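Worksheet: one structure, shown below.
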Amino acid sequence: MKQPYLVARLGGPDPLDYISMYANPGDENRGIPPHWHYISYGLSDLHGDGRVHDHNFRCNTNEGPSGFGFELTFRLKRESGETNPPTWPATLMQALARYVFQTENILYSGDHVPWHMPLDGSESRIQHMLMAEDAQLLPITTPFGVVNFVQIIGVCEEELRAAQHWNGPGVIELIRSQGCAGGPWLITDMRRGETIFEVEPHLQDQVEQGIETEGSNLSGVNSRCSWEEPGENGDDYYNEDMKDNRTVDERRNSNEIDRPRISDFESEQIKATLQKGLQFPRRDSREFEYDNTRRKQSFDSIGSSEGPTELLRTRTLDFVHLKFNLEAGSLLPLALKGRLRHGRHFTFMSALNDTAVTLVSTSVNGSIADENHPFAAHGPWLQVLLTDDFIEEMIVDTEELVHPDEIMCPKTYSWPERRLMITILPDEV
């Protein structure tokens, strides 16, 4: 079955030319159930005239990518007695293709897509997606270039989190090992009621071990955060009393998350930069992706040596007070253990107040901060450089944040000799 669409290049709303839907009998001996197999047409160059995107991406030989270099596939478990394939996967594939056309960001095997709603609009726990190589379709070389087949896998919230905190390929292999969750062909079952971690609790240990040994691919989160210099608002946080008290509760009446003062021009510059990042349609956008070396443009570029130089000149700070909501604060141990300990960076970004805080280790090249001046600000963007010994110290001191339900907010962690303070505020503030 082939479903044609009125494509955007002809004035229609759909980026894909059509989507084929096949009945696959599976293989009972290998634990592969009957399922529907969906394949898109339109992300690659079907016509050889470069119409998929602008001429800068056009491939004149068959050695480079055809169009965007891939097509989407999806495998949906076939229900007993079902004679026609459901059409909602085609709608989902059109939405993903629309994102690719609008941003020119390519989807790769191992990527994850937070969706935050059941993929089929039901009450299913399958509300997010991972991307993998299609189980059957190998890359092909056409007269207009190479085409890879990237398969969509429907996953639960806990499985998405594992992919974010560790990496997509590792979690995909765990899903592949569980027949009830996808099996060797990674078939999505919208009726699946248990996560792989509920079926096999020991798999969570594998994720934790992977983070410990390999690090995390999550390079940042959208969150509520802010930073300030202690004393700039009339408060002196680094007084003599605090030197004898490593962890203190902040005053209960100071619950507001303040923001550095920036001009309207700076605010518009930051907003324009952030809008170039991933913009999946979702109800609750908190995470952004994750291996940005392959992205055309994303917020992660702000955390690099090529920061927003069009804003104010860089200035160094003597003291810094960071403020995060509880949800962001609960990721601080992951940022320290899974990112900075492995020589990587981690960014907390607030679209609410145009503020960003990037934590970097001394192993990161191109940092604007250095060991003599570990706090460097560029407009509303702050970079905090942490030495290896300080990273280990913070891991120990903030370990309790991995259990956010047990944290009484506001909660303040203070390192006076390092001239750093972090306050965790309630999510509802």
Side-chain angles (χ1 to χ4, degrees), residues 116 157-158 161-162 164-165 197 204 207-208 211-212 216 218 220-260 284-287 319-341 346-353 355-359 375 382 384 386 390-429:
H116 298 284
E157 176 78 18
E158 295 83 353
R161 293 293 180 189
Q164 292 171 326
H165 291 187
F197 306 112
Q204 186 62 53
V207 173
E208 297 299 327
I211 295 173
E212 186 74 21
S216 170
L218 183 67
V221 292
N222 292 328
S223 62
R224 296 195 63 185
C225 68
S226 70
W227 59 269
E228 64 186 16
E229 293 181 83
E232 70 174 7
N233 292 326
D235 298 321
D236 185 5
Y237 294 103
Y238 286 89
N239 53 45
E240 292 298 321
D241 294 335
M242 288 192 61
K243 293 183 179 179
D244 298 323
N245 186 6
R246 292 286 309 252
T247 304
V248 298
D249 287 338
E250 192 176 27
R251 295 172 302 169
R252 293 284 175 174
N253 63 351
S254 60
N255 286 339
E256 289 192 8
I257 297 182
D258 301 314
R259 54 172 284 185
D284 188 10
S285 174
R286 292 192 178 97
E287 298 79 19
F319 307 93
V320 165
H321 184 190
L322 308 179
K323 297 180 181 181
F324 302 114
N325 68 333
L326 183 58
E327 182 178 23
S330 67
L331 291 174
L332 188 58
L334 172 71
L336 295 168
K337 291 189 290 186
R339 296 292 297 181
L340 274 74
R341 181 186 268 176
F346 193 92
T347 297
F348 296 90
M349 182 271 291
S350 176
L352 182 65
N353 59 9
T355 300
V357 176
T358 296
L359 307 179
F375 312 121
L382 175 71
V384 178
L386 303 175
F390 191 17
I391 291 172
E392 296 303 319
E393 185 178 355
M394 291 181 68
I395 287 174
V396 173
D397 293 345
T398 63
E399 182 63 28
E400 63 183 343
L401 289 174
V402 300
H403 304 291
D405 294 340
E406 301 175 8
I407 300 296
M408 293 291 295
C409 293
K411 179 80 171 184
T412 296
Y413 301 89
S414 174
W415 298 271
E417 71 282 6
R418 308 279 190 173
R419 298 174 177 248
L420 176 65
M421 173 185 287
I422 297 177
T423 295
I424 309 300
L425 298 173
D427 284 330
E428 63 270 16
V429 170

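Hydrogens, waters and symmetry mates are skipped; everything else that's a heavy atom, side chains included, is used. Since this is a predicted model, take the numbers as computed values, not measurements. Residue indices begin at 1 and follow the sequence shown.
No donor-acceptor contact under 3.5 angstrom links the side chains of Ser350 and Thr355, judged on distance only.
Distance CD/Glu327 to CD1/Ile424: 12.0 Å, rounded to 0.5 Å. The distance from the CG atom of Leu420 to the CG atom of Leu386 is 7.0 Å, given to the nearest 0.5 Å. Taken from CD in Glu392 to CG in Leu340, the straight-line distance is 10.5 Å, to the nearest 0.5 Å.
The side-chain heavy atoms of Glu229 and Phe319, taken from C-beta on, include no pair separated by under 4.5 Å. Considering only heavy atoms from C-beta on, Leu322 stays 4.5 Å or farther from Met421 through its side chain. Contact of the Val320 side chain with the Leu382 side chain is registered, since non-hydrogen atoms from C-beta on lie closer than 4.5 Å. The closest side-chain heavy-atom distance from Leu331 to Val221 is below 4.5 Å. For the pair Lys323/Glu228, a side-chain contact is recorded, criterion being any heavy-atom separation below 4.5 Å from C-beta on. Counting heavy atoms from C-beta on, the side chains of Ile407 and Glu400 come closer than 4.5 Å. The closest side-chain heavy-atom distance from Ile211 to His165 is below 4.5 Å.
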Test side chain to side chain contact (heavy atoms under 4.5 Å, CB included) applied to Leu218 and Arg339, step by step = CA-CA 8 Å; Leu218 183 67; Arg339 296 292 297 181; 5.5 Å; no
Item checked: CA sep, side-chain torsions, deciding dist, call: His321, Thr423, side chain to side chain contact (heavy atoms under 4.5 Å, CB included) -> CA-CA 8 Å; His321 184 190; Thr423 295; 2.7 Å; yes
Go through Cys409 and Leu425 one step at a time and tell me if the side chain to side chain contact (heavy atoms under 4.5 Å, CB included) criterion holds.
-> CA-CA 5 Å; Cys409 293; Leu425 298 173; 5.8 Å; no
- Verdict with supporting geometry, Ile422 and Met394, side chain to side chain contact (heavy atoms under 4.5 Å, CB included): CA-CA 11 Å; Ile422 297 177; Met394 291 181 68; 3.7 Å; yes
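For Ala328, the side-chain contact (heavy atoms from CB on, under 4.5 Å) criterion is met by Ser223, Phe324, Asn325, Phe348, not counting sequence neighbours. For Thr398, the side-chain contact (heavy atoms from CB on, under 4.5 Å) test picks out Leu332, Pro333, Leu336, Leu401, Tyr413, Trp415, with sequence neighbours left out. Every residue two or more places apart in sequence or in another chain that forms a salt bridge (Lys or Arg N to Asp or Glu O under 4.0 Å) with Glu399 is listed here: Lys337.
Looking at every heavy atom in both residues, Ala335 comes nearest to Phe346 through CB-CG, 3.5 Å. The two residues Pro426 and Pro410 have their closest heavy-atom pair at CD-N, 4.5 Å. What you find for Phe197 and Ala162 is that their closest heavy atoms are CZ-CB, 3.7 Å.
Phe390 carries Arg418 over the face of its six-membered ring, with the cationic atom under 6.0 Å from the centre and within 45° of the normal.
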